[in-house]
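Heads up: the structure comes next, in structure tokens.
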Amino acid sequence: MSRLQQQQYLSLLSNCKSLKTFKQIQASLQKSGLDTDPFIYGKLLLHCAVTISDALDYARFLFLRFPNPDVFMYNTIIRGFSDSDTPQNSITAYIDLRRKSFAPPDSFSFAFILKAAASYRSLRAGIQLHCQALTHGLDTHLFVGTTLISMYGECGRVDFAKKVFEEMREPNVVAWNSVVTACFRDDDVEGATRLFNRMPAKNLTSWNVMLAGYTKGRELELARKIFWEMPVKDDVSWSTMIIGFAHNGCFDGAFGYFRELQQAGMRPNEVSLTGVLSACAQAGAYEFGRILHGLIEKGGFTWLVSVNNALMDAYSKCGNVGMASLVFERMPGTRGIISWTTIIAGLAMHGHGKEAIRLFHEMEESGVRPDGIIFISILYACSHAGLIKQGSDYFSKMKDIYNMEPAIEHYGCMVDLYGRAGKLQEAYEFVCQMPVSPNAIIWRTLLGACSIHGNIKLAEQVKQQLSELDPKNSSDHVLLSNVYAVAGKWKDVAAVRRSMSEKKIKKTPGWSMIEVDKIMYVFMAGEKNNKITEQAYEKLREIILRLRVEGSYVPEIGSVMHDIEEEEKEDQVGKHSEKLAVAFGMTRLAKGVTIRIVKNLRVCRDCHTIMKLISKVYGLEIVVRDRSRFHLFRDGSCTCGDYW
Ligand code: ZN
Ligand code: ZN
């Protein structure tokens with residue numbers, strides 16, 4: 001082959017992105033008999049394995065066809081499979097290289113195969129490879145040493161990683177970054193910081209590694225400091241901050257970084273968008289979600305499945321499952337199992353059981369195979385809509401049609417299904433007959449059902465089981481005290497509460513969140529220390545006065561506090577955080593705007609009544625997301641049908 005021909009083929013190859021074009025180039029090489037040249041064949045193989053997506057198997061086919069592959073070709077295959085789903089193919093190629101090849105493995109072979117061992121998390125294989133590198137005198141090679149550090153870090157041996165690092169004569173910035181990453185993986189934030197401060201030179205990755213490590217280690221202040229010190233920031237830096245803050249429940253921070261990213265003139269990417277949408281979903285920040293939706297449409301991100309999935313999730317969790325459905329309908333033939341799960345879970349949360357069932361059926365028709373997670377969603381949907389027959393049918397379907405073994409979560413859904421519907425005996429028998437031993441969550445679900453339906457005898461039995469499994473859980477005690485309260489057994493109520501204080505069991509404080517002008521306001525029960533809460537209290541007093549007159553409201557003081565973990569003092573009922581949040585929303589939001597509240601605990605009976613009355617007397621729509629579901633209050637009634 002002439003040099004010119006070689007150049008022509010190589011330039012053709014460098015522009016080739018699809019497997020189809022690649023095969024055409026390969027065919028033409030073959031026709032002219034040029035594909036026997038190991039140099040050209042090696043380039044061909046490399047392009048197929050590394051550049052073209054989803055072509056690894058074809059690369060392996062090409063590799064096996066070549067009579068005597070050289071080390072370069074072996075390395076290409078080892079490299080290609082090292083971060084694939086099947087790293088074992090790298091190992092096979094490496095073993096072949098040692099057995100069949102005329103030349104020994106080189107530094108690249110070791111670097112790539114160590115990467116495969118790391119993605120396998122196989123410490124044993126890693127140590128063996130380390131020894132082999134040692135015999136070949138390659139263990140101190142910069143490239144090999146760096147991958148050894150990462151491998152030991154991945155496999156949880158940060159001590160080995162540090163030792164390799166210390167033995168390196170002149171570690172470069174990549175080696176420094178690897179050892180810092182290994183420290184973070186071991187939750188050693190201080191060690192990572194010390195190393196970072198000692199680094200002779202830093203690159204962009206060094207900074208990004210620190211951001212990821214700090215946010216993972218909940219050191220948000222440190223992350224913030226590093227972020228603003230960075231001379232240059234890239235996509236990864238921004239999205240790491242957005243996701244890191246969102247994961248730590250610091251939603252305002254996540255929103256803030258997203259805004260800053262836009263102000264810096266950068267275009268958001270898939271990662272930053274899904275990160276900020278997840279913050280929206282958790283915070284219930286509906287208005288911000290709508291702005292993001294606009295941005296997604298305008299910015300041409302609608303073809304990204306993960307962004308659509310995150311948008312649907314945000315809409316459902318912000319209380320607008322209708323918009324979530326709209327996004328789902330418009331997803332152009334790209335719905336994966338996660339998309340179906342997101343929309344079905346959204347419908348379930350809002351009590352639209354029948355619609356969830358319709359979509360589940362549609363999904364099966366379209367040929368998508370359900371997985372364990374979507375079965376949890378559909379069972380939850382049936383349970384929250386009181387569809388007992390359909391729920392148990394799905395449970396059987398899992399085993400009979402799809403040959404799947406139900407996990408403890410699926411059993412939990414079934415207990416909830418029977419329990420909610422008041423079929424407590426069935427629920428109890430179901431638990432006793434489970435092939436796996438029931439955990440505290442299962443018993444707690446049953447206890448919750450006893451509390452709703454006032455079955456003291458069963459509640460005591462169940463509480464006994466819970467005391468053995470999880471003695472310090474506050475909600476169990478409050479649930480039991482509620483069961484007694486329903487039956488008017490005040491002595492027993494007092495006994496449960498006494499035992500709680502004796503065991504020093506702390507209750508989770510209740511809070512509610514509301515978004516006004518894109519700012520999230522958080523209210524705590526009984527809190528009275530700033531202008532905002534004072535304003536809310538004043539409005540609340542006015543509201544209650546009007547409700548007493550126009551809605552014949554009588555406070556449910558002294559009755560059961562359904563707010564199961566908190567706020568049990570009688571005079572506290574009037575100060576529950578969701579009441580304050582609604583009152584505050586009514587002073588600040590424009591007329592006719594839906595009030596959206598996120599609450600961390602279950603909404604209590606009294607608050608529920610107030611919300612219904614407000615919706616009627618003031619002609620307002622209120623959406624409350626509590627710990628168990630959504631409530632949409634409109635015209636004096638709630639979508640949960642007073643059953644939650
Ligand atoms: Zn309440
Ligand atoms: Zn409700």
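Remember, it's 1-based here, ligands and their atoms both numbered in the order they're listed.
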> Vertex the Zn ion (ligand 2): angle to NE2 of His608 and SG of Cys640, to 10°?
Replying inline: 100°
>> Between Glu429 and Tyr418, do the side chains contain a donor N or O and an acceptor N or O under 3.5 Å apart?
In response: no
> In His576, the N, O or S atom nearest to the Zn ion (ligand 1) is which?
Replying inline: ND1
>> Could you identify the N, O or S atom of His631 positioned closest to the Zn ion (ligand 2)?
In response: ND1
> When you check the gap from the basic side-chain N to the acidic O, do Asp393 and Lys397 get nearer than 4.0 Å?
Replying inline: no
>> Against Phe360, only a single residue in Trp340, Tyr394, Tyr380 fulfils ring-ring contact (aromatic ring centres under 6.0 Å, His included); can you say which?
In response: Tyr394
> Mind checking whether Phe255 and Phe245 have ring centres under 6.0 Å apart?
Replying inline: no
> Does the shortest distance from the Zn ion (ligand 1) to an N/O/S atom of Cys607 fall below 2.8 Å?
Replying inline: yes
